[in-house]
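Proteins come first, then strands; the chains are lettered A, B, ... in the order of their sequence lines, and each starts at number 1.
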Amino acid sequence: MKYNFNEIEAKWQKYWAKNQTFKAVNGSEKPKYYVLDMFPYPSGAGLHVGHPLGYIASDIYARYKRHQGFNVLHPQGYDSFGLPAEQYAIQTGQHPAITTKDNIATYRRQLDQIGFSFDWSREVRTSDPSYYKWTQWIFIQLFNSWYCKHAQKAFEIKELITYFEETGNGNIDAVCDDNVEVFTAEEWNAYSWEKQQDILLKYRLTYLAETEVNWCPALGTVLANDEIVNGVSERGGHAVIRKKMTQWSMRISAYAERLLQGLETIDWTDSLKESQRNWIGKSVGAQVKFKVVSNEVKEAPELEVFTTRPDTIFGVSFMTLAPEHELVQQITTPEQKEAVNAYILATAKRSERDRMADVKTISGVFTGAYAIHPFTQKLIPIWIGDYVLAGYGTGAVMSVPCGDERDYAFAKHFNIPIINIFEGVDISEEPFTDKQKTVIGNSDFLNGMNYKKATKRAIYELEQIEQGEGKTNYRLRDAVFSRQRYWGEPFPVYYVKGMPQMIDAAHLPIKLPEVEKYLPTETGEPPLGNATVWAWDTNKNEVVSNDLIDNETIHPLELNTMPGWAGSSFYFNRYMDPENQNDIASKEAMDYWKDVDLYIGGSEHATGHLLYARFWQKFLFDKGVVPVDEFAKKLINQGMILGTSAFVYKINLEFKLIYTIKPLPETILLNYAQPFGKVKEQDGSVDSNYLVSKSIYESYKGTNPSIDTLTFVFDFNKEYWKNRIMNQVLENVEDKQVLNFYDVELELNNFNLKPIHVKVQYVNASDELDIEGLKSDREFGEDYKDAEFILEDGVYKVGRDVEKMSKSKYNVVNPDDIVSDYGADSLRLYEMFLGPLEQYKPWNTAGITGVHNFLKKLWKLYADDNGLKITDVAPTKDNLKTLHKTIKKVQEDIENFSFNTSVSTFMIAANELTAQKCTSKDILEPLLVLISPYAPHIAEELWSQLGNSESISTAPFPEFDASHLVESSKNYPISFNGKTRFTMELPLDMSKDDIEAAVLANEKTQEQLAGRTPKKVIVVPGKIVNIVG
RNA sequence: GCUGAAGUGGUGGAAUUGGUAGACACGUUGGACUUAAAAUCCAAUGUCCAUUAGGACGUACGGGUUCAAGUCCCGUCUUCAGUACCA
């Protein structure tokens, strides 16, 4: 009986599919456990070995939990709306739905052959109307909701309307736009319908607003902040400009505080939580109003600033406004007007990127105006400076140079006085920014107070004189929710008199219309503008032809679509009950599954998907749709698998031909106006077609060898090259006869070795290149057919380097190849064996023989050429010790997500049991359950060979019995001054004194001491003996 | 700059609360089997010195705590990731 992995794996994959082995049951008696992977975008390239890493880890965990008796939900699906399919559609005209369907089929085939225990009956696809019906439904709920700051919760917009009708908006504590006017109930009721709708938009949790967006002309769409990297689009690297557009936005800022607080309740990685905290960017402080004195304005305006240090209010020596601040034009004095305008112009010209890159240059201009200090009544000069950002806080700062780095630098640069308000601190060289050690002085009623007390008091005093109040600011901005794309969820929105209206949820889904072209229209509208059947009939409640639009009963539909993160923000809830027609999932299903127990995915989603999904979850929780307000208890980021690229090294030669010319006939003399005997140089550059092996590359790289040493590198024929280059020169001369070379010398002008990527498939475990394989490659064979490979020790060694896996680097390894050569179990084990899950690590196919050999060895423990070798013989002490040692370690490892070390543990177990010649069923049967989560196919096969008729997947995990690991003696390391010199076998129950006596009596101890008397003997029973002296 | 993670043989990586550094693999070398190759099995494999016995040095670098430090403390350097004047 041989280990025929291909046969076994196909057999069990078929068995699992047929028997629905991994189907999760809603409402089982068993405790639930929900293991989720971030679902993939099905790209056209298919999977490479890096993609399944997280899926293998989560699969091991899911299978382990089944052995532990849990009812495990482990679903998979596709985030199938997205740009690549649309771009492909633009290029080829093929409908993205078809591309997507094909890609999904490839993904499914690839995933299936790795043997995942997914419950495929629950698969979701975000681009499926039966799924995006719910994305649209949630959008409608958001539109119909507002957020009450007081209750910290979302409520129905109807309640808000009632409130407006009865009391106006004067006392409402709601999250809304900054520019909402105050109105009474009478005023509200008198407003036109349009006006009311317009006001309500300022309160809705998703709203339409003119926003400055990141417009990418090349992609024809708006990008979210996190879709821009270094000022260019993340996808494609195109330029991005700021542009005003009417867009749907999500009022995520309403949830800023809860998103921040919620982080305390979830077990996510610290680095991820930290990124979210930074992104939310909470700062607590005060909003302070300063009166402005200005000759230019009759009624003195007020300048509002936000500060986190109200305790330092007596240290204010100037104010700084962002150049874009609206007060700037009002308050600037005529004398300063010119300078101020010049400065504003200069900063406006500087691009966003310049401003970011150039942080050190201090610039600013005095406006000529002054503000009045609320307590001292002293005049404070008002400056403008581009270190103050218009978009944060109020766009204005009270500058306290003694306590802030930038204010200090600004004050020093412009010679503005610096007031010291800290007791016992020297600020002549640098500001004092340590809040904790702060003792305020020189500050009237704040004197002697620490940061905390002074802050509280300052806010209190400001409130008394009505010139300020405590305030918390967040950096988190509302999220733009419109995309000018075809392949995304359509909005369930039509427009009446320019005002957005929601389609009744009963008529969902609103399906994507067919279009001829997937590009924006000629008038610059999004691709849906190409649709001819894209109007809403409010009588029939269906989508009808645009020709029928009468703006009475038939209205135009929204042309934007939703962004990529819409569909992924609640999918984890849909898996709980994916077929449900009436709800995202039934209440029973949600109450049973509640939340994700373990979520595995990449850290690149830290501030995108993972923040938006938390936001929607909290909203749905407020609406009573979901039972918990955090969707994932624990989250692990898997690292990336990198490729190990392979290089060959091509010699590039640049020759210099030095020749002396005889006198030439007159016609030519014009061209070669050189006297007889003059040396002329002619360069010749040659692509050599010689490829050198790695060590030759290393010894010649960067050197400048002479032409004669080249012969040592390879079979270099100087005469041949000389002639070749001379012919090259001659080709440039019209009449060949007239040229007579008198003396010619060839020299090497430049020599370099160029590394070239080659396909990693042609490299073996010893980094040797399969030259014949490369030459017969379908894609690149031509390039190398005539190449001369210069070997070292009879072989060609390639250079290696770790890089991101990518097609262009020819280091992509396809799991299909690995599965057919070594099997899915080997692939699964090897991906885990590579190293810790969260770490970035290189893939090197050569190493897979290690785990593959282990599986073969494991198989041999159970079966040989004569069939099964298992017996009912009682296990030996050693057998039991090996088994229980393994149980303990593997269980600990799985629970700590340390999958790499358990693979080692299995190897050790197999090595030991082989050495022990173990055939005992009592040992080998439980061992299979231990291995089953990692290598499920071989485990199922041997399990059934042992006579089990049920799948191994729900067999109970073996119980650890510590009694088998109890030892009677220990091989003590005996060290002298901390250095281990020898070991000694001693009973574990021996007393400290007896151990000391036994060790000192040993002749080796005496040898080591060489007559010296030990000063001290440290005995740690069961661990070590250390002799000092 | 700030935040977070990391730095151990030729390579991937092990090492519980400080207690025999380098488990387990890959690679390399030698050997067995074979006409040969593959496969398989056995042995060696951190560096240096030494014929051996043995010794010295070794976890990025420099200090420190300790009987004992990869592990704890202080400082420095490097790499990767995130972030960008947030008042």
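Remark: P of G4(B) and CG of D270(A) are 9 Å apart, rounded to the nearest angstrom. Atoms NE2 (H605(A)) and P (G82(B)) sit 13 Å apart, rounded to a whole Å. One interatomic measurement links the two molecules: CG of D864(A) to P of U40(B), which rounds to 17 Å at whole-angstrom precision. The separation between K2(A) atom NZ and U40(B) atom P is 10 Å, rounded to whole Å. Rounded to whole Å, atom C1' of G27(B) lies 18 Å from atom NE2 of H852(A). Atom C1' of nucleotide G12(B) and atom CG of L837(A) are separated by 16 Å, given to the nearest angstrom.
Under 3.5 Å, the side chains of E469(A) and Q287(A) contain no donor-acceptor pair of N or O atoms. No hydrogens or angles considered: nothing links the side chains of T983(A) and Y972(A) as a donor-acceptor pair under 3.5 Å. Side-chain atoms of S399(A) and T320(A) form a donor-acceptor pair, as typed in the model, at a separation below 3.5 Å. Side-chain atoms of K804(A) and N811(A) include no donor-acceptor pair closer than 3.5 Å. Side-chain atoms of T882(A) and Q916(A) include a donor-acceptor pair closer than 3.5 Å. S253(A) and Y474(A) are not linked by any side-chain donor-acceptor pair at a separation below 3.5 angstrom, with hydrogens and angles left out of the test.
Nucleotides A56(B) and A50(B), compared at atom C1', are 11 Å apart to the nearest Å. The separation of U59(B) from U8(B), taken at their C1' atoms, amounts to 4 Å, rounded to a whole angstrom. U71(B) sits 11 Å from A21(B) when the C1' atoms are compared, rounded to a whole Å. Rounded to whole Å, the P atom of G9(B) lies 14 Å from the corresponding atom of G58(B). G7(B) and G12(B) have their P atoms separated by 12 Å, given to the nearest Å. The C1' atoms of U45(B) and A36(B) are separated by 28 Å, rounded to the nearest whole Å. Atom P of C2(B) sits at a distance of 15 Å from the matching atom of C85(B), rounded to the whole Å.
Residue-level contact check: S904(A) touches the bases, meaning some heavy atom is under 4.0 Å from a base atom. The residue T849(A) sits close only to the backbone: its heavy atoms come under 4.0 Å of sugar-phosphate atoms, none of a base. At the heavy-atom level, N911(A) lies under 4.0 Å from the strands shown only through sugar-phosphate atoms.
Counting heavy-atom neighbours within 6.0 Å of E326(A) CD, excluding the residue itself, gives a total of 12 or less. The environment of N971(A) atom CG is dense: over 12 non-hydrogen atoms of other residues, nucleotides or ligands sit within 6.0 angstrom. Dense packing is recorded around NZ of K885(A), with more than 12 heavy atoms of other residues, nucleotides or ligands lying under 6.0 Å away. Heavy-atom neighbours of E302(A) CD from other residues, nucleotides or ligands within 6.0 Å: above the threshold of 12.
Of the side-chain N and O atoms in K1016(A), one or more sit less than 4.0 angstrom from OP1 or OP2 of C67(B). For the pair Y392(A) and A87(B), the criterion of a side-chain N or O lying under 4.0 Å from OP1 or OP2 is met. The phosphate of U40(B) has OP1 or OP2 within less than 4.0 Å of a side-chain N or O from K856(A).
Proximity note for L834(A) (side chain, C-beta onward) versus G12(B), C41(B), A87(B): the nearest is G12(B). Looking at the side chain of R406(A), the nearest of the listed nucleotides A87(B), A23(B), U40(B) is A87(B). When the nucleotides C85(B), A87(B), C26(B) are ranked by their closest atom to the side chain of V397(A), A87(B) comes out on top. Between C24(B), A84(B), A87(B), one nucleotide has an atom nearer to the side chain of W279(A) than all others, and that is A84(B).
The aromatic rings of Y3(A) and H852(A) sit tilted, their planes meeting at an angle between 30° and 60°.
Between I1027(A) and Y830(A), the residue whose closest nucleotide on RNA chain B is further toward the 5' end is Y830(A). Positionally, the nearest nucleotide of RNA chain B for V903(A) lies more toward the 5' end than for the other of V903(A) and Y474(A).
The nucleotide C61(B) finds its pairing partner in G75(B), both defining distances of the Watson-Crick or G-U wobble pair being shorter than 3.5 Å. Nucleotide U16(B): unpaired (no Watson-Crick or G-U wobble partner with both distances less than 3.5 Å). Nucleotide G27(B) forms a pair with U45(B), judged by Watson-Crick or G-U wobble geometry with both contacts under 3.5 Å. Across all strands shown, U40(B) pairs with A32(B); the Watson-Crick or G-U wobble distances both stay below 3.5 Å. Of all nucleotides present, none satisfies the Watson-Crick or G-U wobble test against U51(B) with each distance under 3.5 Å. Partner assigned to A68(B) is none, using Watson-Crick or G-U wobble distances below 3.5 angstrom. With a 3.5 Å ceiling on both atom-pair distances, G9(B) lacks any Watson-Crick or G-U wobble partner. U83(B): Watson-Crick or G-U partner is G1(B), with both key distances under 3.5 Å.
In terms of heavy-atom proximity, Y343(A) sits nearest to D386(A) at OH-N, 2.9 Å.
A donor-acceptor contact shorter than 3.5 Å links the side chain of K273(A) to the backbone of L263(A).
For an aromatic pair to be called close, the ring centres must be under 6.0 Å apart, and F410(A) with Y387(A) satisfies this.
Because its glycosidic torsion is more than 90° from 0, G31(B) is reported here as anti.
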Protein-nucleotides 28-31 of chain B N/O pairs under 3.5 Å:
| residue | atom | partner | partner atom | Å |
| --- | --- | --- | --- | --- |
| U28(B) | OP1 | S766(A) | OG | 2.2 |

Please produce a list of atom pairs where a protein N or O lies less than 3.5 Å from an N or O of nucleotides 14-21 of chain B.
| residue | atom | partner | partner atom | Å |
| --- | --- | --- | --- | --- |
| A14(B) | OP1 | N900(A) | ND2 | 2.9 |
| U17(B) | O4 | K1023(A) | NZ | 2.9 |

Please list, for nucleotides 53-60 of chain B, all pairs of protein and nucleotide N/O atoms separated by less than 3.5 Å.
| residue | atom | partner | partner atom | Å |
| --- | --- | --- | --- | --- |
| A56(B) | OP2 | R981(A) | NH1 | 3.3 |

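Of the residues listed (E604(A), H605(A), Q638(A)), the one engaging M38(A) in a side-chain contact (heavy atoms from CB on, under 4.5 Å) is H605(A), and it is the only one.
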